[in-house]
Protein chains: 2
Amino acid sequence: MRIAVVGATGLIGRAVVRALGKGHEILEVSHRKARHRVDITDLNSIRSMYRELGRVDAVVSAAGAAKSAPLSQLGEADFEFCLANKLMGQVNLVRLGMEALNDGGSFTLTSGVLAQKPMPGSAAVSLVNAGLEGFVRAAALELPRTLRINCVSPGWVSETLAAMGKDPSQGIPAAVVAQSYLASIEGTQSGAVLSV
Amino acid sequence: MRIAVVGATGLIGRAVVRALGKGHEILEVSHRKARHRVDITDLNSIRSMYRELGRVDAVVSAAGAAKSAPLSQLGEADFEFCLANKLMGQVNLVRLGMEALNDGGSFTLTSGVLAQKPMPGSAAVSLVNAGLEGFVRAAALELPRTLRINCVSPGWVSETLAAMGKDPSQGIPAAVVAQSYLASIEGTQSGAVLSV
């Protein structure tokens with residue numbers, strides 16, 4: 001398959017690229033570091049990316065930022081940033097990418113455990129992740145040409161915990177998280193939230 | 001209790017006002033028709049509303065629009081409308097209303113069944129409803145002074161079905177939906193999504 005991985009230079013994106021291995025043609029995309037570039041907050045940048053990539057069989061997004069901060073410190077601009085970035089950035093990868101996908105192709109987006117299991121500081125992140133999951137469930141009902149869409153909801157990733165000085169054994173290795181993206185790409189399900 | 005009902009002139013808002021009955025002081029708020037007015041897409045309008053209302057024991061929101069349309073016809077402006085209206089409109093009623101609530105007071109927002117059970121045409125609505133539920137679960141962890149927040153997720157309302165020319169017995173009467181708002185206001189739970 002010809003697979004675009006958006007956010008290919010991030011922790012999860014790298015693990016997905018590795019897990020996909022040599023059996024596929026991987027098109028690595030990121031904001032600044034990969035061969036192909038995209039700013040997912042910019043519709044024109046997404047359109048340019050799809051023109052540059054040509055037709056693909058799968059689009060993986062492990063991209064999109066959202067801000068963690070105490071609710072009392074989250075301002076209007078913070079919510080706008082989160083909505084434009086991790087939420088609508090990924091929604092727009094789908095909206096503008098449908099025509100780039102070959103028949104039977106798939107989108108696999110990334111939400112996160114805070115959608116369902118919040119913690120203090122996650123109000124905007126939980127909103128974004130849960131909203132994305134709602135979108136994925138609904139969009140799956142309408143995609144044409146047997147296109148599919150799923151969402152991977154990773155828990156805390158071991159490598160992230162290690163970087164935070166916490167116990168990595170409490171998390172899930174990125175290589176394990178990556179297997180859920182493969183399940184979405186290579187499987188038949190659609191509208192699923194794959195919790196890891 | 002002194003209770004602000006935002007969206008008081010809508011189908012659910014009217015049922016909530018009726019269900020609260022005469023034991024409370026009800027402050028009816030809506031965009032155009034009630035005694036008090038607010039445009040929930042406008043931060044300054046929300047601030048003015050809270051200044052006008054003074055301190056309250058509960059804020060109910062049965063307000064906020066979102067657009068149903070086929071995914072292929074939902075444009076950037078449609079998503080922006082939905083995010084600014086039913087999603088961030090209600091989030092901002094909370095963000096800007098915390099100080100107006102007396103200790104132990106509550107927010108009760110409104111999502112909807114499409115958050116979890118989508119149908120064709122609900123991509124933006126499902127996103128908004130699910131995002132709101134994610135926010136409510138998270139915000140509940142951080143509200144000060146034993147403030148509470150819940151979300152009522154109504155299924156199809158009988159009166160709405162009747163207005164659409166469909167069988168109202170397949171839905172839930174607004175008066176029954178209203179009981180979940182009372183449960184949120186008068187109960188002790190927080191961070192809950194009350195599905196009706």
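Throughout, protein chains are lettered first and strands after them, A, B, ... in sequence-line order, and every chain is numbered starting at 1.
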Query raised in the report: Judged by atom type as modelled, is there a donor-acceptor pair below 3.5 Å linking the side chain of B:D57 to the main-chain atoms of B:G105?
Result: no

Report summary line: Nearest heavy-atom approach of A:M1 to A:H24 is N-ND1, 3.1 Å

Report summary line: Cut-off 4.5 Å, heavy atoms of chain B, and the answer for A:L71 is both

Query raised in the report: Which bit of A:L114 is near chain B, if near means a heavy-atom gap under 4.5 Å: side chain, backbone, both or neither?
Result: neither

Requested in this report: For each of B:G191, B:G121, B:A124, tally heavy-atom pairs with chain A at distances under 4.5 Å, and name the one with the top tally.
Outcome: B:G121

Query raised in the report: Taking atom CZ of B:R37 as the centre, does the number of heavy atoms from other residues, nucleotides or ligands within less than 6.0 Å exceed 12?
Result: yes

**Report entry** Short side-chain to backbone donor-acceptor contact, A:R32 and A:V38, under 3.5 Å
**Finding:** no

Query raised in the report: So which heavy atom on A:Y181 is nearest to which on A:S61, and how close?
Result: CE2-O, 4.3 Å

Query raised in the report: Judged by atom type as modelled, is there a donor-acceptor pair below 3.5 Å linking the side chain of B:R51 to the main-chain atoms of B:I46?
Result: no

Query - Any residue of residues 125-161 of chain B which, by heavy atoms, sits under 4.5 Å from chain A - result: B:S126, B:L127, B:A130, B:G131, B:G134, B:F135, B:R137, B:A138, B:A139, B:L141, B:E142, B:L143

Requested in this report: Inspect the contact between A:R2 and A:E25 and indicate whether a charged nitrogen and a carboxylate oxygen are less than 4.0 angstrom apart.
Outcome: yes

Query raised in the report: Should the pair B:E76-A:R95 be classified as a salt bridge under the 4.0 Å nitrogen-to-oxygen rule?
Result: yes

Report summary line: Among A:M119, A:M98, A:K117, A:M88, the residue with the most heavy-atom pairs under 4.5 Å to chain B is A:M88

